[in-house]
Amino acid sequence: MQEKILNTRKNGMTVMLLCILLYVAAILCVVFGAINMDRGNMLGLLLFIPGLVWALLGWIPFCGLKVLKPQEALVLTLFGKYIGTLKGEGFYFVNPFCTGVNPAAATRLNQSGDVDSNSQNNLLGVLSNANNANAAAVMAAESGKKISLKIMTLSNSRQKINDCLGNPIEIGIAVMWRVVDTAKAVFTVDNYKEYLSLQCDSALRDIVRIYPYDVAPGVDTTGDGVADEGSLRGSSETVAQRIRDEIQQKVESAGLEILEARITYLAYAPEIAAVMLQRQQARAIIDARKMIVDGAVGMVEMALERLSEKNTVQLDEERKAAMVSNLLVVLCGNKDAQPVVNSGSLY
């Protein structure tokens, strides 16, 4: 299905003014025709009948008037055949028997700035003020068939997915998207908004199952056969880009463009969150202890070297061992040391 743009139909104002003038002329014809008919003049009949016909059927051309705001489109069909798409702001006139098609008009995605199907444009107000009830009803129905070409945001609910290590995690994404081909969006899939939402969920599961939550040894996330350090928490930009590419590949046939995908929420599932928190705390404690021990050993070495260089005191191996032990206890302890002063001799 190829999209056809109807950009030469912006003559709605001319047609509307012409129809209004014809309505005025029809009313005058009915009035003067009725007066002349009472007088037995055949001219009155010739004026009355055309005026009455136009007064009864003159609302039909108003159904062909279409008003589009910026970043809106209207897909038109005539007796089931696709004839083209109106794009761009303007006041259009098309075949009055054309109907707008938008199977996703009643679908509202979470945080999606869809076109408000209940809003009425200025033309609808003009027609209502002119007491053209039928035309007003048709225009109200058409306003809900418009397709928004704006950039919209889809934020699906959080999903519980197992990562590549089997750990259940909860993750949510926000996807920025827009319609680029209205014909494909309307006629290729049944409901392009529901289709997009489903493909986002599917792509998210496909990509998340490749990565571990945290960096894990022996895990290949790129598919090149070499273990790497990719993870959901540490490689969020790469993961988001892969999710975006996966969604774009799936919705290409529906005439949609995925501009960006971002991870909005990432956490372990509640059933393992406490255990994983303890593991992270244990890892942090071990890393901190390693740093403390490395620093303490360096300080002890520096103290022994300084004492030996300046010949401050001569220590045998036994006394050095005792000094090293005492310094390590002081430097590596969790609490402040309580000093004990020896008032006697060193030996």
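These numbers come from a predicted model, not from an experiment.
- In this structure, E260 places its CD atom where more than 12 heavy-atom neighbours from other residues, nucleotides or ligands lie under 6.0 Å away.
- For the atom pair D181 CG and Q2 CD, the distance stands at 7.5 Å (nearest 0.5 Å).
- Surrounding CD of E257 are more than 12 heavy atoms belonging to other residues, nucleotides or ligands, all under 6.0 Å away.
- Shown here for E246 and A203, the closest heavy-atom pair between the two residues is CG-CB, 3.4 Å.
- For the atom pair OG (S197) and CH2 (W177), the distance works out to 10.5 Å, reported to the nearest 0.5 Å.
- When side chains are defined from C-beta on, F91 counts as touching M16, because their heavy atoms get closer than 4.5 Å.
- Between P61 and P96, the shortest heavy-atom contact is CA-CG, 4.0 Å.
- Looking at Q199, its side chain never comes within 3.5 Å of a backbone N or O of K250 through a donor-acceptor pair.
- K146 places a side-chain N or O within donor-acceptor distance of the main-chain N or O of V67, the cut-off being under 3.5 Å.
- Residues passing the ring-ring contact (aromatic ring centres under 6.0 Å, His included) test with Y213, sequence neighbours excluded: Y268.
- Of all heavy-atom pairs between I171 and I161, the closest is CG2-CD1, 3.8 Å.
- Shown here is D190, whose CG atom has no more than 12 heavy atoms of other residues, nucleotides or ligands within 6.0 Å.
- A pairwise comparison of heavy atoms in G88 and L68 identifies O-CB, 3.5 Å as the closest pair.
- The closest donor-acceptor contact from the side chain of K193 to the backbone of T107 lies under 3.5 Å.
- Both L78 and L86 sit in one connected hydrophobic cluster of ILVMFWY residues. Membership requires side-chain heavy atoms under 4.5 Å apart, directly or through other members.
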**Message:** Would L74 and T85 count as a side-chain contact (heavy atoms from CB on, under 4.5 Å) here? Give the steps.
**Reply:** CA-CA 6 Å; L74 185 62; T85 300; 6.0 Å; no

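- The closest side-chain donor-acceptor pair between D201 and N156 falls under 3.5 angstrom.
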Note to self: For V15 and F62: C-alpha separation, side-chain torsions, deciding distance, then whether side-chain contact (heavy atoms from CB on, under 4.5 Å) applies.
What the structure shows: CA-CA 8 Å; V15 175; F62 285 101; over 6 Å; no

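- Here the CD1-CG distance, from I173 to L266, works out to 12.0 Å after rounding to the nearest 0.5 Å.
- A donor-acceptor contact closer than 3.5 angstrom links the side chains of Q248 and E252.
- One side chain, T77 or T99, offers a donor N or O that lies under 3.5 Å from an acceptor on the other.
- Looking at D220, its side chain never comes within 3.5 Å of a backbone N or O of A227 through a donor-acceptor pair.
- Side chains of I258 and V251 form a contact here, defined as non-hydrogen atoms less than 4.5 Å apart.
- Taking CZ of R242 as the reference point, atom OG of S235 lies at 10.5 Å (rounded to 0.5 Å).
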Are K69 and E89 close enough, and set up right, to give a salt bridge (charged side-chain N to carboxylate O under 4.0 Å, His left out), and what steps lead you there? CA-CA 5 Å; K69 294 179 288 186; E89 70 273 16; over 6 Å; no

- Task: Show the numbers, then the answer: is there a side-chain contact (heavy atoms from CB on, under 4.5 Å) between C19 and F93?
- Result: CA-CA 12 Å; C19 291; F93 177 76; over 6 Å; no

### Test log, rule salt bridge (charged side-chain N to carboxylate O under 4.0 Å, His left out), inputs E3 and K87
CA-CA 11 Å; E3 184 182 49; K87 272 188 176 182; 3.2 Å; yes

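- When atom types are taken as modelled, the side chain of S231 and the backbone of G234 share a donor-acceptor pair closer than 3.5 angstrom.
- Taken to the nearest 0.5 Å, the CZ atom of R205 stands 12.5 Å off from the CD1 atom of I243.
- With contacts defined as side-chain heavy-atom distances shorter than 4.5 Å, the pair L232/P212 does not qualify.
- Scanning all heavy atoms of the two residues, the minimum distance from V30 to G51 falls at CG2-C, 3.5 Å.
- Between D228 and V219, the closest side-chain pair of non-hydrogen atoms is not below 4.5 Å.
- R178 places no side-chain N or O within 3.5 Å of a backbone atom of M152 that could act as its donor or acceptor partner.
- A donor atom on one side chain and an acceptor atom on the other are not found under 3.5 Å apart for Y211 and R233.
- The main-chain N or O of W59 is found under 3.5 Å from a side-chain atom of Y23 such that the two form a donor-acceptor pair.
- Counting heavy atoms from C-beta outward, Y92 and L6 have side chains that stay 4.5 Å or more apart.
- The pair E271-K160 meets the salt-bridge criterion, with a side-chain N (NZ, NE, NH1 or NH2) lying under 4.0 Å from an Asp/Glu carboxylate O.
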Q: Show your working on salt bridge (charged side-chain N to carboxylate O under 4.0 Å, His left out) between E72 and K66 and close with a plain yes or no.
A: CA-CA 11 Å; E72 285 184 355; K66 313 293 182 183; over 6 Å; no

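- Residues W54 and L22 form a side-chain contact, since some pair of their non-hydrogen atoms from C-beta on lies under 4.5 Å apart.
- Side-chain atoms of L149 and T182, non-hydrogen and from C-beta on, do get closer than 4.5 Å to each other.
- The environment of F97 atom CZ is sparse: at most 12 non-hydrogen atoms of other residues, nucleotides or ligands sit within 6.0 angstrom.
- Applying the ring-ring contact (aromatic ring centres under 6.0 Å, His included) rule to F187 yields the partners Y82; only residues at least two apart in sequence or on another chain are considered.
- In this structure the side chain of C29 never reaches within 4.5 angstrom of the side chain of F48, judged on heavy atoms.
- Each of L256, V179, V189 was compared with L196 under the side-chain contact (heavy atoms from CB on, under 4.5 Å) criterion, and only L256 meets it.
- Between L198 atom CG and S202 atom OG the span is 6.5 Å, to the nearest 0.5 Å.
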Report task. Run the numbers on V208 and I169 for side-chain contact (heavy atoms from CB on, under 4.5 Å), then give the verdict. Result -> CA-CA 9 Å; V208 169; I169 64 171; 3.7 Å; yes

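- For N162 (side chain) and R209 (main-chain N/O), no donor-acceptor pair under 3.5 Å exists by modelled atom type.
- Nearest heavy atom pair, residue N191 against residue P103, reads ND2-O, 3.6 Å.
- In this model, no donor atom of one side chain and acceptor atom of the other lie less than 3.5 Å apart for Q249 and D245.
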